[in-house]
There are 2 protein chains.
Amino acid sequence: MPNKNDVIRLSRYRNALVRLRALNFVKVFCDNLADATGVSAAQVRKDFSTFDISQNSRGGYDVKELLKRLNKILNKDTTHEFIEVGAGNLGKALLRYPGFARSGIKIVACFDVDPDKYDRQAEIPVLPIEELDDFVREHQIRFGIISTPDVAAQQVLVRMISAGIKGVLNFASIYLRGPEDCVINNINLESEIENIVYFVNLAEKSK
Amino acid sequence: MPNKNDVIRLSRYRNALVRLRALNFVKVFCDNLADATGVSAAQVRKDFSTFDISQNSRGGYDVKELLKRLNKILNKDTTHEFIEVGAGNLGKALLRYPGFARSGIKIVACFDVDPDKYDRQAEIPVLPIEELDDFVREHQIRFGIISTPDVAAQQVLVRMISAGIKGVLNFASIYLRGPEDCVINNINLESEIENIVYFVNLAEKSK
DNA sequence: TAGATTGTTAATCGATTAACAATC
DNA sequence: TAGATTGTTAATCGATTAACAATC
């Protein structure tokens, strides 16, 4: 029932709550969350309604309780294991990205085609792509990150899916789609840049 | 009139066309673009209509002509200069990200608070954050990338905007907003991950 | 010409907002 | 109790799709 945007907003509420908790907030109202996240108060209430989040009809929400609830819904209570394919600049940076650990995810291995990149001793080992299938099956990995060049992305996806991966975060500038039962989120940095440039230029032209 | 999603789809059509051209396609039909990008053919026609793209009412589009048109609309004909703030792992990886050059953007300088990161001799120099304002004004930079830790993001944004920057790509896990005349695109990797985990778990539960 | 595809308008669908009764 | 905020339903708004006349 909830769609991608609903869950994205839930993430944002959670994020705001973490910061509010750090400021010692005990109670929080719909209006507070709306202000903090840039959505309308009606939207906040609607979202809580669709996720069956309610407290006592008045007097706002207890910050800690609400956070617990959101953490539960967003599966933040357990750690999720990911693999990554593509140990280039971006790929290596992502291996060390602190936000992932914070998000409760752990990248357990990286794969690449380039023998120069292999490193079995590293904390997060870099292995030959041929080992992906066995590794994924053996460790029952369900999530993957694609940080390869564009040309390789499609075939990497196919490989991941056939090995049993169900959720993919794709950084290649190609819009990837998969079967029904597979979740693919595409992050296209080139598109985002083009988008910014477009609207800034538009604003300047119309002056 | 066109909104963010319209322009994002335009980017995708462009991307698909680049690949089709590489395959020596001369003509392309709405249906081809629809298949290649995962949108409906009606959507493709609607989008072309809103951007006043038309050719001859039948017989599809000339790939090269259409590409030219999209490049023009998306401002791919000129190079755009960016600055970046935050020379951590992600920041450094982005400096070397080949997709940016391909997108016609050039990061001309990076800024950080950490003196250990300064490097004036590098191809893309890393400078003290205090020099941001003068640099932006002097070089008339309009675009910026934020790749700092979350806690710094908000104040970096304020600084960028007061220096005259109009478009920002934000990688911190905080949803940033700015004034009316400023375009901010937030890329929240944590949210994306949470999103994938949510939907994969949901699918597994409902089995 | 007949057939096929476009460009655009109208119809549908879904998401956001407004409103208000229920509640503490 | 009176006042204020929630939770939910109905109204509005916008985006996507369907349909079809225009066109080559």
Side-chain angles (χ1 to χ4, degrees), chain A residues 1-14 16-17 20 25-70 73 175 177 191 195 198-199, chain B residues 1-14 16-17 20 25-70 73 175 177 191 195 198-199:
Chain A
M1 196 66 114
N3 70 183
K4 175 166 176 176
N5 288 331
D6 295 336
V7 180
I8 289 282
R9 281 196 304 275
L10 225 56
S11 271
R12 281 212 238 146
Y13 302 145
R14 187 187 159 278
L17 281 168
L20 291 174
F25 269 55
V26 174
K27 285 268 170 194
V28 68
F29 299 100
C30 287
D31 274 296
N32 299 142
L33 282 173
D35 291 342
T37 56
V39 310
S40 71
Q43 185 69 269
V44 175
R45 293 202 293 275
K46 190 84 207 299
D47 288 335
F48 284 5
S49 183
T50 69
F51 287 96
D52 280 317
I53 296 169
S54 67
Q55 279 179 23
N56 46 14
S57 240
R58 220 201 66 67
Y61 304 87
D62 183 278
V63 172
K64 284 184 184 174
E65 281 302 314
L66 187 53
L67 252 175
K68 262 187 213 162
R69 193 92 179 72
L70 293 180
I73 294 172
Y175 191 81
R177 278 163 295 157
S191 275
N195 206 269
Y198 178 87
F199 285 106
Chain B
M1 196 65 113
N3 69 185
K4 176 166 176 177
N5 288 330
D6 295 336
V7 180
I8 289 282
R9 281 196 305 274
L10 225 57
S11 272
R12 281 211 239 147
Y13 302 144
R14 187 187 159 278
L17 282 167
L20 291 174
F25 271 54
V26 174
K27 286 269 171 192
V28 69
F29 300 99
C30 287
D31 274 295
N32 298 144
L33 282 173
D35 291 341
T37 55
V39 310
S40 71
Q43 184 69 269
V44 174
R45 294 202 292 276
K46 190 86 209 296
D47 287 335
F48 284 5
S49 182
T50 67
F51 286 97
D52 280 316
I53 296 169
S54 68
Q55 278 179 23
N56 45 16
S57 240
R58 220 202 66 68
Y61 304 88
D62 183 277
V63 172
K64 285 186 183 172
E65 282 302 313
L66 188 52
L67 252 174
K68 262 188 212 162
R69 192 91 179 71
L70 293 180
I73 294 171
Y175 191 80
R177 277 163 293 158
S191 274
N195 206 269
Y198 178 88
F199 285 106

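The structure presented is a predicted model; accordingly, all values stated were derived computationally and were not measured. In what follows, chains are A, B, ... by sequence order, proteins preceding strands, each numbered from 1.
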#### Entry: Residues Thr50(A), Met1(A); criterion side chain to side chain contact (heavy atoms under 4.5 Å, CB included); working and verdict
CA-CA 8 Å; Thr50(A) 69; Met1(A) 196 66 114; over 6 Å; no
#### Entry: Heavy-atom side-chain contact between Leu33(B) and Leu17(B) under 4.5 Å
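SC-SC contact between Leu33(B) and Leu17(B) confirmed.
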### Query
How about Ser11(B) and Tyr198(A): do any of their side-chain heavy atoms sit closer than 4.5 Å?
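No; the side chains remain at least 4.5 Å from each other.
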### Distance, rounded to the nearest Å, where Phe51(A) contributes CZ and dG7(D) contributes P
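It is 15 Å, rounded to the nearest whole Å.
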### Query
Minimum heavy-atom separation for Phe199(B) to Pro2(A), with atom names?
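Here Phe199(B) and Pro2(A) meet closest at CE2-O, 3.5 Å.
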### Query
Donor-acceptor pair, Asp35(A) side chain versus Asn32(A) backbone, under 3.5 Å?
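Side chain of Asp35(A) to backbone of Asn32(A): no pair is present.
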#### Entry: Strand contacts (DNA chain C) in residues 31-38 of chain B, 4.0 angstrom heavy-atom criterion
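Contacts with DNA chain C under 4.0 Å: none.
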### Query
Residues from residues 60-70 of chain B sitting under 4.0 Å of DNA chain C, heavy atoms only?
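Per residue number, the list reads Gly60(B), Tyr61(B).
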### Task
Give DNA chain C the dot-bracket treatment, 5' to 3': Watson-Crick (N1-N3 with N6-O4 or O6-N4) or G-U (N1-O2, O6-N3) under 3.5 Å, [ ] crossing, | other strand.
..||||||||||||||||||||||
### Task
Would you check if there is a donor-acceptor pair between the side chains of Asn3(B) and Asp6(B) at a distance under 3.5 Å?
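Yes.
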### Distance (rounded to the nearest 0.5 Å) between Phe51(A) CZ and Ile53(A) CD1
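Spacing of CZ (Phe51(A)) from CD1 (Ile53(A)) equals 7.0 Å.
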### Message
Using 0.5 Å steps for rounding, measure from the CD1 atom of Ile8(A) to the OG1 atom of Thr37(A).
### Response
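One gets 13.0 Å once the value is rounded to the nearest 0.5 Å.
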### Task
Would you mind building the protein contact string for nucleotides 15-24 of chain C? One character per nucleotide, 5' to 3', B for base within reach (heavy atoms under 4.0 Å), S for sugar-phosphate only, - for untouched.
SBBBB---SB
Side-chain donor/acceptor pairs under 3.5 Å, residues 40-47 of chain A, sequence neighbours excluded:
residue, atom, partner, partner atom, Å
Ser40(A), OG, Gln43(A), N, 3.0
Gln43(A), OE1, Arg9(A), NH2, 3.3
Asp47(A), OD1, Arg9(A), NH2, 2.8
Asp47(A), OD2, Arg9(A), NE, 2.7
Asp47(A), OD2, Tyr13(A), OH, 2.6

Side-chain polar contacts of residues 59-70 of chain A - donor-acceptor pairs under 3.5 angstrom, sequence neighbours left out - could you list them?
residue, atom, partner, partner atom, Å
Asp62(A), OD1, Lys64(A), N, 3.2
Asp62(A), OD1, Glu65(A), N, 3.0
Arg69(A), NH2, Asp52(A), O, 3.1

### Task
Look at the side-chain N and O atoms of Ser49(B) and state whether any lies under 4.0 Å from the OP1 or OP2 oxygen of dG7(C).
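Checking Ser49(B) against dG7(C): no side-chain N or O falls below 4.0 Å of OP1 or OP2.
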